[in-house]
Engineer: 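Here it is, the structure, as structure tokens.
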Amino acid sequence: MNKKRDTKEKICAFYASDYHFEMISLPYIDKKMENKDEIIILTENNLEETMKIFLTKTNLKEEKKEKLLKINWNNNHQQKIEEIKEKVIEQKDMVIFIKGKEKYIQKVNQELEEKIPEENHIKIIDCYSLEEIGENLDEIMGQYEKVLKTTGEKEIEKI
């Protein structure tokens, strides 16, 4: 993984479960949707059902819930890569979440690098399972400038 890219902004995030990922990402996704950014979720496992359950437990207006459910939360990887390529051609501002195990995140980043190497209107958020990375948290955070928290993007303070 590249520490810092000139073409795509890279951010990391960490989650304990699918629901935790959704809780962390939801305020950020909502804000980006208000800015008319395109949201793509590349995920190793299907999140559609957990997102539906999660949204039933929130106090969001029905209109917002419907907008959030229109995001493709399934794990149909190839279809989403094609969608990203189309949106690149259209010059759309995009936020791409890559959620899964470390090998999946690396594989998807490499694929995106090969298929859309020179775009500057893309923000990629690599989302790691805390259970999987365990003690490697500091090492992974060292590869990024920012981390996504429930309060938004935060600069990573280097020690």
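Sequence positions, counted from 1, serve as the residue numbers for this chain.
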Engineer: Drop me the distance from Leu148's CG to Ser25's OG, to the nearest 0.5 angstrom.
Structural biologist: 7.5 Å
Engineer: Is a side-chain N or O of Asn109 found less than 3.5 angstrom from the main chain of Ile105, in a donor-acceptor match?
Structural biologist: yes
Engineer: If hydrophobic clusters are built by linking Ile, Leu, Val, Met, Phe, Trp and Tyr wherever their side-chain heavy atoms come under 4.5 Å apart, do Val88 and Ile98 end up in the same one?
Structural biologist: yes
Engineer: Can you name the closest pair of heavy atoms from Ala13 and Val147 and give their distance?
Structural biologist: CA-CG2, 4.4 Å
Engineer: Is Asp30 close to Leu60 at the side-chain level, that is, under 4.5 Å between some pair of heavy atoms?
Structural biologist: no
Engineer: Could you check whether Lys123 pairs with Glu153 (Lys NZ or Arg NE/NH1/NH2 to Asp/Glu carboxylate O, under 4.0 Å)?
Structural biologist: yes
Engineer: Can you list the residues that meet the side-chain hydrogen bond (donor to acceptor under 3.5 Å, both in side chains) rule with Glu34, with sequence neighbours excluded?
Structural biologist: Lys64
Engineer: Are the side chain of Glu44 and the backbone of Lys101 linked by a donor-acceptor contact shorter than 3.5 Å?
Structural biologist: yes
Engineer: Side chains of Val95 and Ile124, heavy atoms from C-beta outward: is any pair under 4.5 Å?
Structural biologist: no
Engineer: I need the Ile39 CD1 to Lys67 NZ distance, nearest 0.5 Å.
Structural biologist: 11.0 Å
Engineer: Would you mind reporting whether Lys149 and Ile24 have side-chain heavy atoms less than 4.5 Å apart?
Structural biologist: no
Engineer: List the atom pairs, donor and acceptor, that lie under 3.5 Å between side-chain atoms in residues 45-53 and the rest of the protein, sequence neighbours left out.
Structural biologist:
from, atom 1, to, atom 2, distance (Å)
Asn45, OD1, Thr43, OG1, 3.3
Asn45, OD1, Lys99, NZ, 2.9
Asn45, ND2, Asp18, OD1, 3.4
Asn45, ND2, Asp18, OD2, 2.8
Asn46, OD1, Glu48, N, 2.8
Asn46, ND2, Asn74, OD1, 2.9
Thr50, OG1, Glu22, OE2, 2.5
Thr50, OG1, Leu47, O, 3.1

Engineer: Side-chain donor-acceptor contacts of residues 131-141 below 3.5 Å, not counting sequence neighbours, with atom names and distances?
Structural biologist:
from, atom 1, to, atom 2, distance (Å)
Glu132, OE1, Glu102, N, 2.8
Glu132, OE2, Glu102, N, 3.3

Engineer: Checking Lys10 against Glu145 for the side chain to side chain contact (heavy atoms under 4.5 Å, CB included) test, could you report, in this order, the C-alpha distance in whole Å, the side-chain angles of both residues, the deciding distance, and whether it holds?
Structural biologist: CA-CA 8 Å; Lys10 300 277 288 178; Glu145 299 292 323; over 6 Å; no
Engineer: Counting distance only, does the side-chain N/O of Lys80 pair as donor-acceptor with the main-chain N or O of Asn72 below 3.5 Å?
Structural biologist: yes
Engineer: Are Phe21 and Met33 grouped together when hydrophobic residues (ILVMFWY) are joined by side-chain heavy atoms under 4.5 angstrom apart?
Structural biologist: yes
Engineer: Just how far is it from atom CG of Asn76 to atom CD of Glu83, taken to the nearest 0.5 Å?
Structural biologist: 8.5 Å
Engineer: Hydrophobic cluster membership, with links at side-chain heavy-atom distances under 4.5 Å among I/L/V/M/F/W/Y: are Tyr28 and Leu42 in one?
Structural biologist: no
Engineer: About how many Å separate CD1 of Ile71 and CD1 of Ile40, when rounded to the nearest 0.5 Å?
Structural biologist: 9.0 Å
Engineer: Would Glu63 and Glu66 count as a side chain to side chain contact (heavy atoms under 4.5 Å, CB included) if you check the C-alpha gap in whole Å, the side-chain angles of each, and the deciding distance to 0.1 Å?
Structural biologist: CA-CA 5 Å; Glu63 179 183 312; Glu66 288 174 24; 5.8 Å; no
Engineer: For residues Cys127 and Phe97, report the shortest heavy-atom separation together with the two atoms involved.
Structural biologist: SG-CD2, 3.8 Å
Engineer: For the pair Glu62 and Lys65, find out whether any cationic side-chain nitrogen is under 4.0 Å from an anionic carboxylate oxygen.
Structural biologist: yes
Engineer: Do the non-hydrogen side-chain atoms of Ile29 and Leu68 ever get within less than 4.5 Å of each other?
Structural biologist: yes
Engineer: Evaluate the side-chain proximity of Asn75 to Ile41: yes if any heavy-atom separation is below 4.5 Å, no if none is.
Structural biologist: no
Engineer: Go through it in stages, so that I can follow the logic: the residues are Lys146 and Glu9, the test is salt bridge (charged side-chain N to carboxylate O under 4.0 Å, His left out), and I'd like the CA-CA distance, side-chain angles, deciding distance and then a yes or no.
Structural biologist: CA-CA 9 Å; Lys146 294 180 181 177; Glu9 186 175 356; 3.1 Å; yes
Engineer: Please examine the side chains of Asp126 and Ile11, heavy atoms only from C-beta on, and report whether any two atoms are closer than 4.5 Å.
Structural biologist: no
Engineer: Quick one: do Asp93 and Lys36 make a salt bridge, cutoff under 4.0 Å?
Structural biologist: no
Engineer: Any non-hydrogen side-chain atom of Ile96 less than 4.5 Å from a side-chain atom of Ile125?
Structural biologist: no
Engineer: I'd like to know whether CD of Gln78 has more than 12 heavy-atom contacts from other residues, nucleotides or ligands below 6.0 angstrom.
Structural biologist: yes
Engineer: Can you tell me how far CD of Glu38 sits from NZ of Lys87, rounded to the nearest 0.5 angstrom?
Structural biologist: 3.5 Å
Engineer: If the plane angle is over 60° it's perpendicular, under 30° parallel, otherwise tilted; pick one for Tyr128 and Phe14.
Structural biologist: parallel
Engineer: First locate atom CG of Leu26, then atom NZ of Lys31, and finally report the distance between them rounded to the nearest 0.5 Å.
Structural biologist: 14.0 Å
